[in-house]
Every structure is written in structure tokens, then in C-alpha cells.
Amino acid sequence: MAELLLKERIKSWRASILPKSFYLRRTDKVAEKLLGKVLVRMTPEGVISGLIVEVEAYFGSEDPASRARKGGDLRRTLYGDVGLALVYGIHRQWMLNVVAHTEDEGGAVLFRSLEPLEGLETMREFRRVFKDELLTTGPGRLTKALGINKSFHKKPLYVRDHGLWIEDRGVKLREDEVIRGFRVGVSEDLPTPYRFGVKGSPFISRKF
DNA sequence: CGCCAGATTGACT
DNA sequence: GTCAATCTGGCGG
């Protein structure tokens, strides 16, 4: 299969931040639409960014793998305002999600893998690895590479104020360039696959 | 405060 | 392939 690098398709003059309304629709639809968008982090060291090549959709309490099942703040956040970051820790890694769902529903999209775009030197510093394929391929790896931690929890990603946002730089994916699979690492999944990836990207975290 | 499950990673056989 | 490090959040007491 031919390798697909999304950075070669960037039309940077069209860069625009994704508005809050982008996240107010079915969680799986948002997940699919996030592929090819750019996750941007502004740090004192400069801009760090990556193209989104792999995501997963998680729903509300009816989803056996959803953190909504846990109750507490995670559940409240999943059912709350869309467009906010949802950050939580597991096995000493930070997981980055964005809250996305229709009215009265709960749901969020997990960022699983990026194609590194800007600030690779800083990423290597944060990650302490030197192979580009290992910088941002995995949910725990990408948060570390971008310097994302719990302080971003519940921060809106549709404004630049907090140094973390998502942009559209005009990268378009055809329907046949998106692959689906079952979610990674969950003990109990739904009968429908809710993992989405860019077909042919060398920056997918694990084989579909 | 203690217990425990967990959307992972990296080291090692 | 196996496996454990090491930490967060929720919940019971």
C-alpha cells in the first residue's frame, strides 16, 4: 500500500480554527471529521503541531468502555459543553479527548495518533526518543510530545487562549481513505467499530 | 484514607 | 510474544 503523508496536502492559507459548533453532532461523525485536522500546541519553546491520523469515539453511559460509567467529574464533563478538552490519566499517561455529542447526549473523541508537523525538535525533547514514528503514535505518546497534562482539562479547544486548539488547513480525505476498526485496549467494546484512521499513514499507532 | 480497575508504554524473553 | 511499572479518579468506610 502506498504511504500517505497528510502534510503534503496542506493548504495552509486556508487555516482556520474549528468552531464550537463543529463538535455538536454525533460523536462518531465528529471523530471521522477530525481526521486530517491539525492539533496545535503553543508553548514557550514555540509551536508544536500534528495532523490527526487516528481517533476513537466514546459515548455516554450506554457505552461499556466509556468513562461516563465511572460517574463523577468524568461523566459530568462527557455530558457537558462540547468542544472542551477532557484529560484524564491512566497508567501514568495523559489521555486527550474532546467532548463532542448531540444535545442531551454524552460523548468524546480520543486522540490516538498524530503525524508530526511542527516543533519536532521540542517533541524529541519532551519524549526523549528520536524516531519520528515514535513521537506521537499513541494516545500517551502524543500528549507527552505536545506537553499536554491535566491542566488542560475542561479548556475549550475552539479558542487559542489556552495554547491548545484544532485547525483546519484544508486537508481533505476521500471516503476510501478512512479505515474503521474496533477500539484499542477496551475490555468490552460495542458491536460497531468506532476507531477511525487514515489509510496508509505511517503514523498509525497499531495495525487496524 | 485504602482499594482497585484501567482508552498504555517500554523493557525484556 | 509476555509483563509490570506506576498513577489517576471514583467510591466505600
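Residue numbers begin at 1 in each chain, while the letters A, B, ... track the order of the sequences. Worth saying up front: this structure is predicted, and the values here are computed from it rather than measured.
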Can you list, in residue-number order, the parts of residues 193-208 of chain A that come under 4.0 Å of DNA chain B, counting heavy atoms only?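 Close to the strand, none.
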Whole-Å gap separating [atom2] ([N]) and [atom1] ([X]):
X: A/Lys70; N: B/dC3; atom1: NZ; atom2: C1'; answer: 11 Å
X: A/Tyr88; N: B/dG6; atom1: OH; atom2: C1'; answer: 7 Å
X: A/His91; N: B/dG6; atom1: NE2; atom2: P; answer: 9 Å

Sequence-distant partners of A/Arg9, side chain to side chain contact (heavy atoms under 4.5 Å, CB included), two or more places apart: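 If we apply the side chain to side chain contact (heavy atoms under 4.5 Å, CB included) test to A/Arg9, skipping adjacent residues, the hits are A/Leu4, A/Val171, A/Leu173, A/Glu177.
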Among B/dT9, B/dG6, C/dT8, the one nearest A/Ser187 by side-chain distance: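 Nearest to the side-chain atoms of A/Ser187, counting from C-beta on, is B/dG6.
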Among the nucleotides C/dG9, C/dG10, B/dT8, whichever has the atom closest to the side chain of A/Asp73 is C/dG10
Run the salt-bridge test on [X] and [Y] with the 4.0 Å N-O cut-off and return the result as yes or no.
X: A/Arg124; Y: A/Asp132; value: yes
X: A/Arg160; Y: A/Glu167; value: yes
X: A/Asp189; Y: A/Arg195; value: no

Could you work out, with side-chain hydrogen bond (donor to acceptor under 3.5 Å, both in side chains) as the rule, every residue matching A/Arg127, not counting sequence neighbours?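 For A/Arg127, no residue satisfies side-chain hydrogen bond (donor to acceptor under 3.5 Å, both in side chains) once neighbours in sequence are set aside.
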Residues passing the ring-ring contact (aromatic ring centres under 6.0 Å, His included) test with A/Phe59, sequence neighbours excluded, are A/Tyr194
Could you pull out the protein-nucleic contacts involving nucleotides 10-13 of chain B (nitrogen or oxygen on both sides, under 3.5 Å)?
unit_1: B/dG10; atom_1: OP1; unit_2: A/Arg127; atom_2: NH1; d: 3.0
unit_1: B/dG10; atom_1: OP2; unit_2: A/Arg141; atom_2: NE; d: 2.8
unit_1: B/dG10; atom_1: OP2; unit_2: A/Arg141; atom_2: NH2; d: 2.7

Pairs counted as Watson-Crick or G-U wobble with both distances under 3.5 Å: what dot-bracket string results for DNA chain C, using | for bases tied to another strand? |||||.||||||.
